[in-house]
A.B. asks: 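Here's a structure for you.
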Amino acid sequence: MGVKIKSMKYEDFEDNETLELFKQSGGNILFTTLDGIINWGRSNSIWPLTFATSCCGIEMMATGAARHDFARFGIEVYRASPRQADVIVVAGTIVPKMAPVLKRLYDQMPDPKYVIAMGACAVSGGPFVNSYHIVKGVDKIIPVDVYVPGCPPRPEALLYGVMQLQRKIKLESAFNKKKDK
Amino acid sequence: MSGEFLILFFLVAVVLVGGAIVFSYYAAPSSTNPVKHDPYECGIPTKGLTWLQFNVGYYLFAIIFLVFDVETVFVFPWSVMMREKSMGMTAFVEIIIFFFVLVLGLMYAWKKKALIWE
Amino acid sequence: MTNQELKDNLQRIEPTATIEEGKQYLNVTVSPEKWHNLATQLKENKELAFDYLFNLTGVDYGDNLGVVYHLESTTHHHVVVVKVATNRENPEIPTICDIWRTAEFHEREAFDFFGIKFTNHPDLRRIFLDEDWKGFPLRKDYDPSVNPTY
Amino acid sequence: MAEEIIIKEADEQEISINMGPQHPSTHGVLRLVLSLKGEIVNKVEPHCGYIHRGIEKMTESMTYQQIIHLTDRLDYLSAHINNGAVCLAVEKALEVEVSERVKVIRTIMDELNRIASHQLWWCSFGMDLGGLTCFFYGLRDREKILDIFEETTGSRLIQSYYCPGGLMADLHPNFQTKVKEFIKYFRKILPEYDELLSGNIIMMERAIGMGLLTKEQAISYGVTGPSGRGSGFSCDVRKHHPYHAYDKVKFNEVLRTEGDTYARYMVRMDEMRESMNIIEQLIDNIPEGDYVAKMKPVIKLPEGEYYQRVEAARGEFGVYIISKGEKNPYRMKLRSPNFSNLSSLDLMARGNKIADLVAIGGSLDYVIPDIDR
């Protein structure tokens with residue numbers, strides 16, 4: 001049961017192990033057309049939260065600006081409050097003083113919510129990994145969907161990360177919650 | 001104007017709006033956590049007293065905005081009907097009086113210094 | 001005003017201070033008790049007119065703690081470096097934020113990183129780290145495991 | 001018994017609100033605790049530390065070549081300039097004579113970096129006042145500078161292009177043509193910026209006479225850079241203590257005396273023109289020579305203290321190194337321009353409305369990782 005994703009051909013995705021893994025695990029989900037419609041809507045309109053702590057924030061702004069346009073992928077507008085955001089792009093270093101704030105922002109986002117860890121600092125602590133005041137990777141605080149490496153990652157890398165997130169959303173099923181969510 | 005259109009109109013409204021709400025209730029995943037329904041204040045738990053008397057200026061600004069917002073609601077149907085030849089002059093004079101009354105209200109608020117924030 | 005005249009002037013104002021010619025700037029070492037009135041002199045005196053404090057650094061010299069002040073005069077464009085040393089157990093230096101307003105934040109930072117208490121500072125709290133952060137990070141004998149690491 | 005509600009007199013009831021770490025107008029994770037009376041701001045109390053990464057502690061265990069990769073992550077919008085400060089401090093300590101070519105290239109790169117930083121300031125200042133179009137125009141032109149950086153240094157935002165003793169690599173062959181093209185293009189575009197925002201009556205209404213800072217206050221609070229020069233405090237390190245090739249270039253220091261948000265705005269706009277003049281004077285006569293001096297692999301600064309001041313895009317950035325002769329510094333203090341600029345925010349924002357506090361913060365143009373280090 002190949003999952004048909006119209007925009008990109010299945011072979012074009014080199015790292016398909018998540019899909020293969022998902023299928024081997026006997027993902028016996030009934031992928032109805034209704035799921036297809038919901039996931040099409042959700043994946044093509046992901047609104048990020050304006051959350052930029054350091055240098056990756058500038059590259060995220062460059063991705064949102066005219067040249068590497070985010071809006072082509074449905075990321076139309078940055079919402080200032082977590083109540084209206086779907087994805088939280090953690091762009092920059094997270095330090096222990098900021099960790100409870102980030103956890104609170106993540107909790108206050110309505111479902112379905114996703115997290116993109118952008119930059120080496122958010123992925124694993126980055127160049128500040130042996131400092132006394134650093135969280136070595138955001139996945140210690142909130143569950144992360146997509147990791148975008150780089151310091152700071154190029155806008156194209158962030159766009160590829162967003163496309164990976166869209167692929168991941170297209171696999172979700174709203175009605176059959178049998179998967180280990 | 002027989003009644004069916006009214007009922008049909010009402011039914012379509014209920015189906016569309018109700019359907020959207022019910023569908024999203026079932027389709028959307030939801031998770032609850034203690035912090036979810038707290039007021040959002042830039043990521044910091046709110047501190048201090050919020051039970052206090054607000055400045056009256058906020059209320060005045062809201063009223064003046066409401067007046068001019070509702071005014072545009074009346075202007076839309078008027079501008080659609082304006083194209084019919086038959087209503088030409090009378091509709092125009094009518095809207096001028098309507099605007100005149102509103103401008104009077106605005107000038108009154110202006111003189112009473114409702115627009116200036118102290 | 002060349003370093004030499006500066007040196008004589010300072011020697012006259014504050015005889016107890018030891019002044020020597022550093023690689024770049026004139027270094028003045030003064031004891032904490034004498035520091036506050038020397039600071040007012042540096043600011044008020046018309047020929048010196050050091051009105052711009054561009055750097056305030058806390059330093060852990062190993063056996064004692066110290067603060068280094070870099071001062072410049074925006075009119076005469078000469079620079080002086082003042083060093084004030086204090087002990088490690090109960091570091092105490094008079095504040096100068098009534099003379100140069102920028103010192104208020106910089107002194108809070110020195111307190112945050114080194115634990116140097118600045119007497120009669122209006123609001124001496126940690127500026128960067130949490131209130132309940134144990135220890136002073138930039139001291140040489142700081143042990144990071146004392147605080148929760150993620 | 002529930003907390004007993006005290007109803008104070010109407011006019012001295014204050015509400016304290018967090019303009020907190022996650023807020024569109026604080027340019028990063030700075031938390032301002034405002035105590036407000038209605039819309040009027042009574043007190044602004046900045047809480048920093050939400051991005052404090054302890055860079056000064058880390059430098060005590062790193063060699064000088066490694067420190068370069070930390071100092072450009074401080075104020076990442078003037079990455080070249082910060083690195084230039086550390087490199088100059090090391091070269092002056094070792095008395096290494098850097099070739100003329102390196103000095104000129106460093107000056108050009110610094111000025112390009114300053115223009116890119118002011119462009120990004122212009123985008124966020126426009127957005128703070130509600131003008132979204134500035135965001136797209138400014139970043140579109142900034143991409144042209146990032147292309148030039150990328151071609152020569154390999155990366156867009158944080159280049160780590162300077163190294164103690166010179167540069168990591170020589171210039172790209174068509175570096176000069178691209179820079180000249182950019183200068184010709186940007187000379188045409190800058191008047192458009194003025195038409196779009198400087199002449200805009202709403203912006204002038206919100207900026208003129210707002211957030212006043214006198215010259216004495218600027219000196220006492222240590223507000224340097226374009227924010228300080230907007231109040232007449234002549235603090236341009238390129239003029240008073242020239243470094244790189246600034247002594248061989250004719251440029252005038254932009255100074256204004258009104259000290260309000262509009263003055264700080266216009267100082268930055270004129271500074272972009274000055275930077276272009278500097279680049280034009282240098283771009284055609286980059287002297288020949290080797291791009292890096294002969295350096296020992298392990299750099300050990302002789303015992304002593306060294307202080308190097310440079311003019312970053314936001315103010316005077318200083319590096320104070322105390323060295324005990326080992327390969328890593330005994331103590332390195334980084335004088336951050338934004339930290340002192342921030343201390344004057346409370347002084348300027350008192351008595352104004354919240355929207356004006358946003359405009360004043362935008363005119364101070366602070367970058368938070370540079371405050372917290």
Side-chain angles (χ1 to χ4, degrees), chain C residues 22-25 27 43 49-62 66-75 77-79 81 83 96-110 112-114 123 125-131 133 136-140 142 144 147, chain D residues 45-54 56-57 60 89 92-93 215-224 228 232-235 237 239-241 302-309 315-316 318-322 324 330-337 339-344 346-347 371-373:
Chain C
K23 275 204 178 93
Q24 279 172 313
Y25 305 123
N27 294 348
K43 177 89 189 282
F50 284 104
D51 50 359
Y52 175 34
L53 166 71
F54 60 90
N55 194 9
L56 186 150
T57 324
V59 186
D60 176 356
Y61 290 111
V67 177
V68 181
Y69 302 84
H70 284 70
L71 292 152
E72 187 193 17
S73 154
T74 49
T75 46
H77 290 300
H78 49 241
V79 173
V81 174
K83 295 193 181 135
I96 50 164
C97 71
D98 44 353
I99 306 164
W100 295 285
R101 296 299 308 156
T102 186
E104 192 182 334
F105 268 32
H106 283 89
E107 279 171 356
R108 275 179 65 187
E109 181 199 348
D112 191 350
F113 288 156
F114 290 93
D123 142 32
R125 287 185 279 108
R126 283 186 180 269
I127 190 165
F128 290 130
L129 296 168
D130 275 342
E131 300 304 329
W133 188 272
F136 300 104
L138 273 179
R139 283 193 182 188
K140 293 294 178 191
Y142 171 72
N147 288 304
Chain D
E45 196 204 333
H47 283 236
C48 326
Y50 286 90
I51 186 84
H52 168 64
R53 301 171 283 202
E56 284 173 3
K57 179 79 175 179
E60 284 164 11
K92 212 179 282 180
K215 182 178 175 195
E216 290 65 32
Q217 283 168 342
I219 295 174
S220 170
Y221 277 86
V223 180
T224 54
F233 170 28
S234 147
C235 58
V237 183
K239 271 287 180 212
H240 300 309
H241 313 281
E303 181 105 13
E305 290 155 17
Y306 311 96
Y307 194 89
Q308 176 59 39
R309 314 161 68 163
E316 179 194 317
V319 174
Y320 175 54
I321 302 177
I322 301 179
K324 288 244 167 36
Y330 181 74
R331 161 81 163 117
M332 175 186 258
K333 158 83 178 178
L334 305 160
R335 193 262 179 201
S336 122
F339 188 47
S340 311
N341 294 0
L342 178 72
S343 55
S344 67
D346 177 41
L347 175 78
I371 292 174
D372 294 349
R373 285 184 297 277

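In what follows, every chain begins at residue 1, and chains take the letters A, B, ... in the order their sequences are listed. Bear in mind the structure is a predicted one, so any value in this text is a computation, not a measurement.
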A.B. asks: Does any N or O in the side chain of D:Arg331 come within less than 3.5 Å of the main-chain N or O of C:Tyr61, such that one atom is a donor and the other an acceptor?
C.D. replies: no
A.B. asks: To the nearest 0.5 Å, how far apart are NZ in D:Lys57 and OH in C:Tyr142?
C.D. replies: 8.0 Å
A.B. asks: Tell me, for D:Glu60 versus chain C, whether the close heavy atoms (under 4.5 Å) come from the side chain, the backbone, both or neither.
C.D. replies: side chain
A.B. asks: What part of C:Arg125 lies closer than 4.5 angstrom to a heavy atom of chain D: side chain, backbone, both or neither?
C.D. replies: side chain
A.B. asks: Let me know if C:Glu104 has heavy atoms under 4.5 Å from chain D in its side chain, its backbone, both or neither.
C.D. replies: neither
A.B. asks: To the nearest 0.5 angstrom, please state how far the CD atom of D:Glu216 sits from the CG atom of C:Asp51.
C.D. replies: 9.0 Å
A.B. asks: Report yes or no: is the cationic atom of C:Lys23 (NZ for Lys, CZ for Arg) under 6.0 Å from the centre of the six-membered ring of D:Tyr307, at an angle within 45° of the ring normal?
C.D. replies: no
A.B. asks: Does C:Arg101 offer a backbone N or O that forms a donor-acceptor pair with the side chain of D:Ser220 under 3.5 Å?
C.D. replies: yes
A.B. asks: Show the nearest heavy-atom pair for residues C:Phe128 and D:His52, with the distance to one decimal.
C.D. replies: CB-CG, 4.1 Å
A.B. asks: Do C:Phe105 and D:Pro46 come within less than 4.5 Å of each other through their side chains, counting heavy atoms only?
C.D. replies: yes
A.B. asks: Measuring heavy-atom distances to chain D, does C:Val79 have an atom under 4.5 Å in its side chain, in its backbone, in both, or in neither?
C.D. replies: side chain
A.B. asks: Counting heavy-atom pairs closer than 4.5 Å to chain C, which one of D:Leu347, D:Ile371, D:Leu342 comes out on top?
C.D. replies: D:Ile371
A.B. asks: Need one label for D:Ile322: side chain, backbone, both or neither, based on atoms under 4.5 Å from any heavy atom in chain C.
C.D. replies: side chain
A.B. asks: Heavy-atom distances under 4.5 Å only: say whether D:Glu316 touches chain C with side chain, backbone, both or neither.
C.D. replies: side chain
A.B. asks: In a check of side-chain contact (heavy atoms from CB on, under 4.5 Å) between C:Thr57 and each of D:Met332, D:Arg335, D:Glu305, D:Lys333, which one passes?
C.D. replies: D:Lys333
A.B. asks: Count the heavy-atom pairs under 4.5 Å between each of C:Gly58, C:Ala103, C:Cys97 and chain D, then report the option with the highest count.
C.D. replies: C:Gly58
A.B. asks: Taking C:Thr74, C:Asn27, C:Leu53, C:Asp123 one by one, which has the highest count of heavy-atom pairs under 4.5 Å against chain D?
C.D. replies: C:Thr74
A.B. asks: First locate atom CZ of D:Arg373, then atom CD of C:Glu109, and finally report the distance between them rounded to the nearest 0.5 Å.
C.D. replies: 4.0 Å
A.B. asks: At a 4.5 Å cut-off on heavy atoms, which part of D:Ser344 comes close to chain C: side chain, backbone, both, or neither?
C.D. replies: neither
A.B. asks: Pick one of side chain, backbone, both or neither for C:Leu129, based on which atoms fall under 4.5 Å of a heavy atom in chain D.
C.D. replies: side chain
A.B. asks: For the atom pair OH (C:Tyr52) and CD1 (D:Ile219), what is the distance rounded to the nearest 0.5 Å?
C.D. replies: 9.5 Å
A.B. asks: Which of the residues D:His47, D:Lys324, D:Arg309, D:Lys92 is involved in the greatest number of heavy-atom pairs with chain C at under 4.5 angstrom?
C.D. replies: D:Arg309
A.B. asks: Please classify the contact between C:His70 and chain D as side chain, backbone, both or neither, with a heavy-atom cut-off of under 4.5 Å.
C.D. replies: side chain
A.B. asks: Which answer fits D:Phe339, side chain, backbone, both or neither, if we ask what part of it has an atom under 4.5 Å from a heavy atom of chain C?
C.D. replies: both
A.B. asks: Who wins among D:Gly222, D:Cys48, D:Gly318 for the most heavy-atom pairs under 4.5 Å with chain C?
C.D. replies: D:Cys48
